[in-house]
2 protein chains.
Amino acid sequence: MPATAPTTTRDALLHAAFAEFFRHGFQAGSLSAVVGAAGATKGALFHHFAGKQALGHAVVDEVVAPLLATRWLDPIADTDDPVPALQASFRRWIAEDAGSGHWVHGCPMNNLAQEMSPLDEGFRTRLDALYARWRAAVADALARGQRAGSVRADADVRAAATLVVLAQQGIWGTGKYSQDPTLMSQAGEALCAYLDALRPTTAR
Amino acid sequence: MPATAPTTTRDALLHAAFAEFFRHGFQAGSLSAVVGAAGATKGALFHHFAGKQALGHAVVDEVVAPLLATRWLDPIADTDDPVPALQASFRRWIAEDAGSGHWVHGCPMNNLAQEMSPLDEGFRTRLDALYARWRAAVADALARGQRAGSVRADADVRAAATLVVLAQQGIWGTGKYSQDPTLMSQAGEALCAYLDALRPTTAR
DNA sequence: CCGCGAACATACCGACCGGTCGGTATGTCG
DNA sequence: CGACATACCGACCGGTCGGTATGTTCGCGG
């Protein structure tokens, strides 16, 4: 076994690449900056990844996808009352990103999807699949809510799930260009109001 | 006099730059490609614009802003019944972009806002102002609807306007990564359903 | 008819990019 | 201990980028 575990250098590169692409975009992101931030060298990077494109794909698979799961999928995976769960997620992550300052760079997943989808089919299929999984998770949670009586029976769960995910893109995008956390949370509250309308009238 | 009038060269450069930045983004967009598409030269470009940044700002001021006005602002400028007007706009532009194929590149204004806002304050302030004007136009239209009785009096027009504009970003973003016009129009219909809920219950 | 500046064109520059390649250090294995 | 593999290093390459310096054309006031 080598002195340093092989996964450590690779992971350092992967996370440095995620940060670099998050801040500057994929195309404008510099591999020299990535290896610098990771404390590695070009040789190490090209040893572990076939090229910039492969590095980007690995970032989606191994960094972005788990982030999506912990942030948005897991919190609604088992709930029978999805409306407050979704509202809590939105309020929590809006507040957290506003506090950390990460919000000025938008949503990493949406950034990559918007920049790379028309240019690289590998990026597009990966990110399209992630967004489809996201919509399905929201739709499933809403359907469970319908069965449990916490969501109106006449609600179109597929359309609602599409709107929720699409609104997440819009909210983080709004924060990015406005650099105004007030506007961002106002946008979040507008979505929360929409979600409230999905509850049965008796529960309101 | 040159073979082409001076304003024509400048306009050709401007529109070629708009197309180039729309397809490849601002940073990845090439000035050589711009001058090639415009049938001009580097000398002409740097004669009319101080640099790539100034060219980009001019594209926002002189191409994107008028496009926003004709597409989204003018159609709701005077209406007292904003809900069907907004729905018609969304359905029309979704259908048009799906037909032209432009939709795979998303929304030009949102593309620039997402890419350049964290990097260039000149872009950010311009695009932030355009989005603010957009939100104001929607909110004004909804307020007129309230006065005319075509919009529920208890609706929060500011929050609704924020959601409508944010949803536009999300819908075009969804079309871009999914490359699925069906999903895009489904997203549009989800928003139209939300808009329907803004009408008075008696009108439904 | 002349000069003069605006409107271009052409040739070129340095910087930086992703990617390559010869080499090395540190193992493992028979 | 020799043969080989993995992990990593860093100088270097071709190419493209935004930008510039200089030359040329041409309408137009005098």
Side-chain angles (χ1 to χ4, degrees), chain A residues 1-60 62 111-112 115-116 119-123, chain B residues 1-60 62 111-112 115-116 119-123:
Chain A
M1 185 181 289
T4 59
T7 59
T8 302
T9 296
R10 211 188 104 100
D11 274 10
L13 286 168
L14 222 36
H15 284 87
F18 171 79
E20 173 75 7
F21 297 155
F22 183 36
R23 245 147 251 185
H24 304 293
F26 177 77
Q27 299 180 94
S30 160
L31 295 188
S32 304
V34 170
V35 299
T41 61
K42 281 279 190 75
L45 193 155
F46 279 86
H47 172 74
H48 287 289
F49 304 96
K52 193 184 190 183
Q53 184 188 47
L55 174 63
H57 293 174
V59 165
V60 175
E62 303 179 41
N111 289 356
L112 282 175
E115 179 186 3
M116 296 309 297
L119 275 55
D120 183 297
E121 193 65 7
F123 272 105
Chain B
M1 183 189 284
T4 58
T7 60
T8 303
T9 296
R10 209 189 106 101
D11 274 8
L13 254 7
L14 223 37
H15 284 85
F18 171 80
E20 172 75 7
F21 298 155
F22 183 37
R23 246 147 250 185
H24 300 92
F26 178 76
Q27 299 180 94
S30 161
L31 295 188
S32 303
V34 169
V35 297
T41 61
K42 282 276 191 77
L45 194 154
F46 280 88
H47 172 73
H48 288 290
F49 304 96
K52 192 184 191 184
Q53 185 188 46
L55 174 63
H57 294 174
V59 165
V60 174
E62 302 179 41
N111 289 355
L112 282 176
E115 180 187 2
M116 296 309 297
L119 275 55
D120 183 296
E121 193 65 8
F123 272 105

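Letters A, B, ... mirror the listed sequences (proteins, then strands); counts begin at 1.
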[N] [atom2] sits how many Å from [X] [atom1], rounded?
X: B:L45; N: C:dA7; atom1: CG; atom2: P; result: 14 Å
X: A:R10; N: D:dC8; atom1: CZ; atom2: C1'; result: 15 Å
X: B:H48; N: D:dG18; atom1: NE2; atom2: C1'; result: 18 Å
X: B:E20; N: D:dC17; atom1: CD; atom2: C1'; result: 12 Å
X: A:F49; N: D:dA7; atom1: CZ; atom2: P; result: 12 Å
X: B:F46; N: C:dC12; atom1: CZ; atom2: P; result: 18 Å
X: B:L13; N: C:dA7; atom1: CG; atom2: P; result: 13 Å
X: B:Q27; N: C:dC16; atom1: CD; atom2: P; result: 15 Å

Side chain [X], main chain [Y], donor-acceptor under 3.5 Å:
X: B:H15; Y: B:D11; result: yes
X: B:E115; Y: B:F26; result: yes
X: A:Q27; Y: B:Q27; result: no
X: B:K42; Y: B:L31; result: no

Checklist entry - A:A44 side chain: which of C:dG18, D:dC17, D:dC9 is closest? => result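 Of C:dG18, D:dC17, D:dC9, D:dC9 is nearest to the side chain of A:A44.
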
Looking at [X], I'd like to know whether one of its side-chain N or O atoms comes within less than 4.0 Å of OP1 or OP2 on [N].
X: B:T41; N: C:dC8; answer: no
X: A:H47; N: D:dT6; answer: no
X: B:T9; N: C:dC8; answer: yes

Next on the checklist: Suppose we call a contact any N or O donor and acceptor under 3.5 Å apart; does that hold for the side chain of A:K42 and the base of C:dG19?
Outcome noted: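 In this structure, the two groups form a donor-acceptor pair.
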
Checklist entry - Which one of B:E62, B:H48, B:H47 satisfies the side-chain hydrogen bond (donor to acceptor under 3.5 Å, both in side chains) criterion with B:R10? => result B:E62

Item to check | Sugar-phosphate, base or nothing in reach of A:G29, heavy atoms under 4.0 Å | outcome: sugar-phosphate

Next on the checklist: For A:G43 and A:S32, find the nucleotide of DNA chain C closest to each by heavy atoms; which residue's nucleotide sits nearer the 5' end?
Outcome noted: A:S32

